[in-house]
S.K.: 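First the structure, which I've put down as structure tokens, then a few questions once you've had a look.
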Amino acid sequence: MNASEILKTYFGYDSFRNGQKEIIDSILEGRDALAIMPTGAGKSVCYQVPALLLSGITLVISPLISLMQDQVHALNEAGIHAAFINSSLTETQISKVLDLALQGTYKILYVAPERLESAGFIQFAVSAEISMVTVDEAHCISQWGQDFRPSYLKIADFLEQLQNRPIVSAFTATATKEVKSDIECILKLDSPKLVVTGFDRENLYYSVEHIAGKQKDDFIIDYIEKHPNESGVIYCATRKNVDTLYEKLLGRGVSVTGYHAGMDNAVRKKNQEDFIYDRVQIVVATNAFGMGIDKSNVRFVIHYNMPQSMENYYQEAGRAGRDGENAQCILLFSAKDVMINKFLLEKKEFEGIDADDIELIKQRDAHRLHVMEGYCKTTSCLRSYILEYFGEKTNTPCDNCGNCHREYLETDMTADAKWVINCIAETRGRYGLHIVVGTLLGANRARLREVGAVRYKSYGVLSHRSEADIRLLVNQMLEEGYIIQTDGEYSVLRMGDISELKDENTRVIVRTFAQREKAASSENKKKRSTDSLTSAGYKLFEKLRQLRLVIAKEEAMPPYIIFSDKTLIDMCAKTPVNKQEMLTVSGVAENKYNKYGERFIAAITTFISENPDAVISAPSDADEEPFVQDIKNNAGASWTDEEDSSLIREFESGMKIADIAKAHGRTNGAIRSRLKKHELV
């Protein structure tokens, strides 16, 4: 078989995505490769397909147990023999895996980076035919990356111990120029094929809401109520915030669990599995959760607090919409978030890093935090801000983010900007934002008298402005490069490139948010695949989801590994009734058809026979009304014996509480209370 035939036979796809074929061809030619591709772009296929065509074993170095388990589950489901070695296995189990690998049972073997230092594993590696070593989450090798792991530095030493150097491929979703350079140098990649497919994920809608305190809780509760049945992740900066928000949501009847490093290992594992297996709808977590989680149907990621870096944010937000369907990425920002992150960075521990490097890393951390704060405060296109940080220039606003869909009040502050420059010149770049703003305001402060700022020409020249206005102006000038802010414990403002300001035609326009949003919308207006389904089509989709859940319980694996939502939607659109038709569905390959195909065909056939006149998929010209869900309203009504029986049957079949509530026209809390009465929860 060739690469395209493997893609169809094992993965069920007719064609490769952008960049995949280029990487695969390079590997098959025996060339090293470095691929920087956004989350959800299909990085794993880039090494899994050639692994099946190369003669020996492919070792995949992966940082987290959950990541390995997900990948191995999915590969074995596809009919590809794969295994993993990590601390979750006993030494006896590890020995058995290595013996089977030597016998040629496995084509792909996932290992933790720490395993490469084991004498037993090195002995295996020297004896085995290793065709390729793949480094997943390759940014972990760089001290300048957001998730540096010293164990990754041992990969190069491991490669040098092998008798024959294998092909080396490295993959990551987030890499600045410095990180990319580190990956190439530290892994000693040999003239690698570099493929950067771009960082943009068009299906994600980014927005920032400037709210604080209880307003954040109210926003989240309101959002969940407006988006019932959607799976989501809510990230908090601290364990305390996780626990508090979890209790609040649970008290409102939300299907929710929590996750942070302070929990018992067994509890943490159960909570993570409850979310992955769709037993709960939402997880509230610190950033200890999620790396390597391949759950495809996450429809929203909300950050309760600002993350510490753009890399962290992009990776965490990127856990939404991995199936390619539209998803929301919302960041709730308040000034307190900056203080929390500065405190957390001060408490950061450094292991295995030279003292000289620690100070450099602290400066880099401070710079990244400053960039992240800029994202929260910018009034420009949010997507463009993200892409430009990763070195991808954009020409126009995306018209698909919160900032692009807001109304603004614009104020010409060109003259004020020149006074800011004048003030920084008078300070000789020795002071920070607080001194500069105070000077321009003409504030009566002892510190300003102490440094002599009261004698500056710029002292008090902007007293007619508010402090908030001046801070907005400074942020705008930082963003445009007219001034720069140094990183470190005592950051100061210095002159940037002011050549454009000398041009009389250059204007500095400061935009502030108006109270209303554009009519276009505050959410992603691009259609989801479910929008192509009629009311009947959506009912079929729900039946197929329930069947998938039943099978997932039988197989003890996450539902999305059986089939993704996107695959189920394509089934609804194509309504296959035989093997040939089912294999045309995106994501249905031979092995999965043999395991599950007949059951899904039976469900589709039954639905069609029971609804002979139903139109499943809306016409392309949209002359049929889009699906609008009919929701009963039985709030406050007495429970009947018939409804109780239905409730128990639905819950025991695996239906989520939110789905049951929708079916009965009652609140999540009412359903949970009724289930408690029946001693089911």
Side-chain angles (χ1 to χ4, degrees), residues 144-146 174 176 206-213 215-216 219 235-238 241 286-287 301-317 329-348 361-390 401-403 406 408 420 424 431-438 466-494 496 508 510-513:
W144 311 125
Q146 80 280 8
T174 53
T176 58
Y206 301 98
S207 62
V208 177
E209 301 294 334
H210 289 242
I211 51 180
Q215 288 180 310
K216 291 189 176 185
F219 179 93
Y235 281 108
C236 299
T238 66
N241 281 350
T286 60
N287 62 5
V301 171
I302 297 176
H303 278 79
Y304 192 84
N305 306 103
M306 180 188 79
Q308 293 177 356
S309 70
M310 184 57 68
E311 289 93 337
N312 283 351
Y313 179 66
Y314 195 62
Q315 188 175 72
E316 291 161 12
C329 303
I330 305 168
L331 198 163
L332 309 182
F333 174 74
S334 68
K336 188 178 179 181
D337 294 340
V338 181
M339 304 303 296
I340 290 172
N341 279 310
K342 284 182 177 178
F343 173 78
L344 293 174
L345 286 174
E346 287 173 3
K347 298 293 183 182
K348 184 177 179 179
I361 293 172
K362 285 183 175 180
Q363 290 178 16
R364 187 63 60 92
D365 286 343
H367 172 70
R368 282 199 287 245
L369 183 61
H370 175 67
V371 170
M372 194 67 233
E373 185 180 358
Y375 173 82
C376 295
K377 292 181 176 179
T378 185
T379 56
S380 301
C381 172
L382 293 172
R383 190 181 308 277
S384 295
Y385 190 102
I386 294 171
L387 297 179
E388 288 176 11
Y389 175 75
F390 289 111
C401 74
N403 282 8
R406 287 187 188 270
Y408 295 94
V420 172
I424 292 172
Y431 304 119
L433 180 63
H434 190 66
I435 292 290
V436 171
V437 172
S466 68
E467 181 173 347
D469 287 340
I470 298 175
R471 286 179 176 271
L472 279 173
L473 173 60
V474 171
N475 285 332
Q476 179 85 12
M477 295 177 71
L478 285 167
E479 194 174 324
E480 295 184 13
Y482 296 133
I483 55 179
I484 57 176
Q485 186 172 25
T486 63
D487 300 315
E489 186 176 357
Y490 302 106
S491 61
V492 298
L493 294 178
R494 291 178 178 164
V508 178
V510 174
R511 304 200 301 171
T512 53
F513 294 129

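Just so you know, these numbers use all the heavy atoms, side chains as well, and skip hydrogens, waters and symmetry mates. Quick caveat: nothing in here was measured; it's all calculated off a predicted structure.
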S.K.: Heavy-atom distance under 4.5 Å between the side chains of Lys216 and Ser334, does that happen here?
M.R.: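 Answer yes - side chains close enough.
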
S.K.: Over all heavy atoms of both residues, which pair between Met372 and Pro307 is shortest? Give the atoms and the distance, please.
M.R.: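 Met372 and Pro307 have their closest heavy atoms at CG-O, 3.3 Å.
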
S.K.: Are the side chains of Asn403 and Cys381 in touch, meaning some heavy atoms are under 4.5 Å apart?
M.R.: no

S.K.: Does one side chain, of Asn312 or Asn287, offer a donor that lies under 3.5 Å from an acceptor on the other?
M.R.: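 Result is no, nothing qualifies.
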
S.K.: Using side-chain heavy atoms (C-beta onward) and a distance below 4.5 Å, is Thr238 in contact with Asn305?
M.R.: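 Answer no - side chains too far apart.
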
S.K.: Drop me the distance from Leu332's CG to Cys376's SG, to the nearest 0.5 angstrom.
M.R.: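 One finds 10.0 Å between CG of Leu332 and SG of Cys376.
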
S.K.: So, for Leu433 and Leu493, which heavy atoms are closest and what is the spacing to 0.1 Å?
M.R.: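 Heavy atoms of Leu433 and Leu493 come nearest at CA-CD1, 3.8 Å.
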
S.K.: Specify the closest pair of heavy atoms between Met306 and Asn341, including all atoms of both residues, with the distance to one decimal.
M.R.: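 Heavy atoms only, the tightest pair is O-ND2, 2.6 Å.
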
S.K.: Is the shortest side-chain heavy-atom distance between Leu345 and Lys362 below 4.5 Å?
M.R.: no

S.K.: Are Leu473 and Met477 close enough that some pair of their side-chain heavy atoms sits under 4.5 Å apart?
M.R.: yes

S.K.: Is it true that a side-chain atom of His370 and a backbone atom of Thr486 form a donor plus acceptor pair closer than 3.5 Å?
M.R.: no

S.K.: Show, in sequence, the C-alpha distance, side-chain angles and deciding distance for Val437 and Glu467, and conclude whether the side chain to side chain contact (heavy atoms under 4.5 Å, CB included) test is met.
M.R.: CA-CA 7 Å; Val437 172; Glu467 181 173 347; 3.7 Å; yes

S.K.: Within the structure provided, determine whether Tyr206 and Tyr313 are in side-chain contact (heavy-atom separation under 4.5 Å).
M.R.: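 A side-chain contact under 4.5 Å exists here.
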
S.K.: If every non-hydrogen atom of Val474 is compared with every non-hydrogen atom of Ile483, which pair is closest and at what distance?
M.R.: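 Closest pair (atom of Val474, atom of Ile483, distance): CG1-CD1, 3.8 Å.
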
S.K.: Could you go through the side chain to side chain contact (heavy atoms under 4.5 Å, CB included) check for Asp365 and Leu369 one step at a time?
M.R.: CA-CA 6 Å; Asp365 286 343; Leu369 183 61; over 6 Å; no

S.K.: So do Tyr375 and Leu382 actually touch side chain to side chain, heavy atoms under 4.5 Å?
M.R.: yes

S.K.: CD of Gln485 to OG of Ser491: how many Å apart, nearest 0.5 Å?
M.R.: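 It comes to 4.0 Å.
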
S.K.: For residues His210 and Val208, determine if any side-chain heavy atom of one lies less than 4.5 Å from a side-chain heavy atom of the other.
M.R.: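 A side-chain contact exists here, since the closest heavy-atom pair is under 4.5 Å.
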
S.K.: Quick check for you: to the nearest 0.5 Å, what is the distance between Glu388 atom CD and Glu479 atom CD?
M.R.: 8.5 Å

S.K.: In Å, rounded to the nearest 0.5 Å, how long is the span from CD1 of Ile340 to SG of Cys236?
M.R.: 10.0 Å

S.K.: First locate atom CD of Glu311, then atom CZ of Arg368, and finally report the distance between them rounded to the nearest 0.5 Å.
M.R.: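 Glu311 atom CD to Arg368 atom CZ measures 5.0 Å (nearest 0.5 Å).
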
S.K.: Is the count of non-hydrogen atoms from other residues, nucleotides or ligands lying under 6.0 Å from Arg471 atom CZ greater than 12?
M.R.: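 More than 12 heavy atoms, drawn from other residues, nucleotides or ligands, come within 6.0 Å of this atom.
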
S.K.: Given 3.5 Å as the limit, does a donor-acceptor pair link the side chain of Tyr385 with the main chain of Val371, or not?
M.R.: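 Answer holds: yes.
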
S.K.: What heavy-atom pair brings Gly213 and Tyr304 nearest, and what distance separates the two atoms?
M.R.: O-OH, 4.0 Å

S.K.: Rounded at 0.5 Å granularity, tell me how far OH in Tyr235 sits from CD1 in Ile302.
M.R.: 12.5 Å

S.K.: Any chance you could lay out the side chain to side chain contact (heavy atoms under 4.5 Å, CB included) test for Tyr482 and Val420, step after step, and finish with the verdict?
M.R.: CA-CA 10 Å; Tyr482 296 133; Val420 172; over 6 Å; no

